[in-house]
Amino acid sequence: MAAPLQAALRVNRTVRLWPETLVQRSTQTTIEEYARLLQNPVTLKRMYEFGRNPTQQTLLVSAKWLHQELPIRLAHRVEELTRLPFNLCHMPSVIRVKDMYAQSFNDIVNSPLPSKSAQEEEFSNLIYNVMTRHNDVVKLLARGLLELKQHNGQNPDNVRIQGFLDRFYMSRVSIRMLIRQHLGMHEARDGYVGIINLRCSPAQIARHAIEDVQSLSYRHYTDSPEIQVLGNLNVEFPYIEGHLYFMLFELLKNSVRATMETHHASGVVPPVRVILCGGSEDVTIKISDEGGGIARSAMPRIFTYLYTTAEIPREKLLQEGEGKLGLDPIAGFGYGLPLSRLHARYFGGDLQVLSMEGYGTDTFLYLNKVGDHEEAIK
């Protein structure tokens, strides 16, 4: 058994040794029991060291750890959803999310602890279904905030609500990351440990994001700014390329939209620049645009959920189905920046924005290169 997860398994060993009667109690009572347990954060480095040479035994150890850890993380979120202020917990969309998390909790705690290959496969299918069930959680919670505003006029900008959203979405990132990493260890791919690319290339990921953002821009504006990739194009480091793509796509989309809306009528559209740099601790990505910038009075709100300068009514979130922007179902609803910052901070990075109103914006994305920071979960 690999040492890193062996130690993790010891932390809450009592979870696996509780008598069967605990699972047979009411779901809410069981959730309360699990919610009192501490979550066990891991580091990116520990994850790829553990899964570097996956065997059936490795998969069993991983499945056993997830069998105890996922219910704890789900229970923490259900408890918080139950106690939200301003009657937010009673909004229909929030109740749907809470029920969804409770169902996933129930599915896992009522499943057998994997001890054989066949049980590990069944557990993997189960947690894949859990992940799929939660696909629309971000949009549902956003809809819940709008339901609250319609119900009693409560502004979603409230500090307590924003703090909850940070904790909830960070937990969501962590749960999906752990599930995907376990499922990814079933597939042997050169240069990968699960979903961790040991030689992740920011330049390559940036080009993929650029292609998709420019496609989106042509669809809406029939034009797009040139997006240049500059700096150290050869930098590589272990990272989750899906996370990096998400952040770059969101940040580039903001820059392209601001640039097009500022300059499209003039017929002269300045480029957006992506500058890459690899230091001893961080890989830093700077995205610079000439999209008119952000007013200094608005800067404190740019990481607030549902804050947006896009001209798309927030109320469209109340409609079922995907948004009309196609590639991104939450485009224009003010989730890109705060969610990108959460993804960066998940393993010790950060996201900072500097802006000159009347000119443009520089966004600095810092990614921890060493991989020794624990998940930023609460």
Side-chain angles (χ1 to χ4, degrees), residues 5 8-9 11-42 59-84 88-141 143-144 164-165 167-183 186 375 377-378:
L5 281 196
L9 278 168
V11 176
N12 284 324
R13 186 181 295 273
T14 53
V15 176
R16 295 188 288 120
L17 299 180
W18 280 344
E20 289 297 320
T21 53
L22 180 59
V23 177
Q24 293 169 1
R25 297 175 191 171
S26 71
T27 300
Q28 188 57 43
T29 301
T30 311
I31 286 174
E32 291 171 357
E33 296 276 1
Y34 274 77
R36 285 196 286 267
L37 296 171
L38 294 177
Q39 301 169 94
N40 296 297
V42 297
L59 291 171
L60 277 172
V61 171
S62 175
K64 288 178 181 178
W65 186 75
L66 289 175
H67 191 276
Q68 70 152 20
E69 183 65 19
L70 291 178
I72 295 172
R73 298 193 185 200
L74 292 167
H76 277 262
R77 302 286 68 84
V78 174
E79 282 291 283
E80 190 164 27
L81 285 165
T82 303
R83 294 178 169 82
L84 290 177
L88 180 57
C89 56
H90 299 305
M91 296 301 103
S93 294
V94 176
I95 291 173
R96 284 177 63 184
V97 173
K98 184 179 70 172
D99 291 345
M100 191 183 299
Y101 270 67
Q103 180 61 54
S104 296
F105 170 89
N106 225 19
D107 289 348
I108 295 174
V109 297
N110 288 327
S111 68
L113 181 71
S115 59
K116 299 177 182 178
S117 296
Q119 290 178 321
E120 187 276 325
E121 289 182 12
E122 290 177 2
F123 180 75
S124 294
N125 289 332
L126 187 154
I127 60 177
Y128 173 80
N129 291 333
V130 165
M131 184 174 67
T132 302
R133 176 185 296 149
H134 293 210
N135 280 345
D136 291 332
V137 160
V138 171
K139 191 170 183 179
L140 280 171
L141 273 184
R143 188 181 296 143
F164 154 72
L165 292 172
R167 290 188 300 274
F168 189 92
Y169 290 139
M170 183 67 87
S171 175
R172 182 177 187 272
V173 170
S174 76
I175 289 170
R176 296 177 78 82
M177 163 66 188
L178 293 177
I179 292 175
R180 284 175 170 150
Q181 177 64 7
H182 178 79
L183 298 177
H186 286 79
E375 301 170 282
I377 54 174
K378 297 179 181 179

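Throughout, residue positions are numbered sequentially from 1 according to the sequence presented.
- H134 is listed as a side-chain neighbour of R176, based on a closest heavy-atom distance under 4.5 Å.
- Listed here is the closest heavy atom pair of P71 and F105: O-CD1, 3.4 Å.
- Heavy-atom minimum distance, V94 versus G144: CG2-CA, 4.0 Å.
- V78 and T82 make their closest contact through O-OG1, 2.8 Å (heavy atoms, listed as atom of the first residue, atom of the second, distance).
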request  = I would like to know whether R133 and D107 meet salt bridge (Lys or Arg N to Asp or Glu O under 4.0 Å); could you show each step before the answer?
outcome  = CA-CA 12 Å; R133 176 185 296 149; D107 289 348; 2.8 Å; yes
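- Looking only at distances, a side-chain donor or acceptor of Q119 sits under 3.5 Å from a matching main-chain atom of S115.
- Between Y34 and L74, the closest side-chain pair of non-hydrogen atoms is not below 4.5 Å.
- With values rounded to the nearest 0.5 angstrom, N40 atom CG is found 6.0 Å from I72 atom CD1.
- Shortest non-hydrogen contact noted between A102 and I31 is CB-CD1, 4.1 Å.
- Of the possible polar contacts, none joining the S171 side chain to the R167 backbone as a donor-acceptor pair under 3.5 Å is found.
- Side chain of H67 to main chain of P114: no donor-acceptor pair is present (N/O by atom type, distance under 3.5 Å, no hydrogens or angles).
- Looking only at side-chain heavy atoms (C-beta outward), P41 and I377 come within less than 4.5 Å of each other.
- Considering every non-hydrogen atom in both S93 and L140, the closest pair reads CB-O, 3.2 Å.
- Remark: E69 engages R73 in a salt bridge, criterion side-chain N to carboxylate O under 4.0 Å.
- Shown here for R172 and V138, the closest heavy-atom pair between the two residues is NH1-CG2, 3.6 Å.
- Evaluation of the side-chain hydrogen bond (donor to acceptor under 3.5 Å, both in side chains) rule for E79 yields Q28, R83 as partners, not counting sequence neighbours.
- Taken to the nearest 0.5 Å, the CE atom of M100 stands 9.0 Å off from the CG atom of N135.
- For the residue pair E121 / S117, no side-chain donor-acceptor distance below 3.5 Å is found, with atom types taken as modelled.
- Using the six-membered ring where Trp is involved, F168 and Y101 have ring planes that are tilted, between 30° and 60° apart.
- Side-chain atoms of N110 come within 3.5 Å of backbone N or O of N106 as a donor-acceptor pair.
- The side-chain hydrogen bond (donor to acceptor under 3.5 Å, both in side chains) test applied to H182 returns S62, E120, S124, not counting sequence neighbours.
- Here the side chain of E80 pairs no donor or acceptor atom with the backbone of F164 at under 3.5 angstrom.
- Taken from CD1 in I127 to CG in N125, the straight-line distance is 9.0 Å, to the nearest 0.5 Å.
- Within the 4.5 Å cutoff, no side-chain heavy atoms of V109 are placed close to those of Q68.
- Distance check: L183 CG to L66 CG gives 9.0 Å after rounding to the nearest 0.5 Å.
- The CD atom of E375 lies 5.0 Å from the CG atom of L178; values are rounded to the nearest 0.5 Å.
- In this structure, the separation between CG on L37 and NE2 on H76 is 6.5 Å, given to the nearest 0.5 Å.
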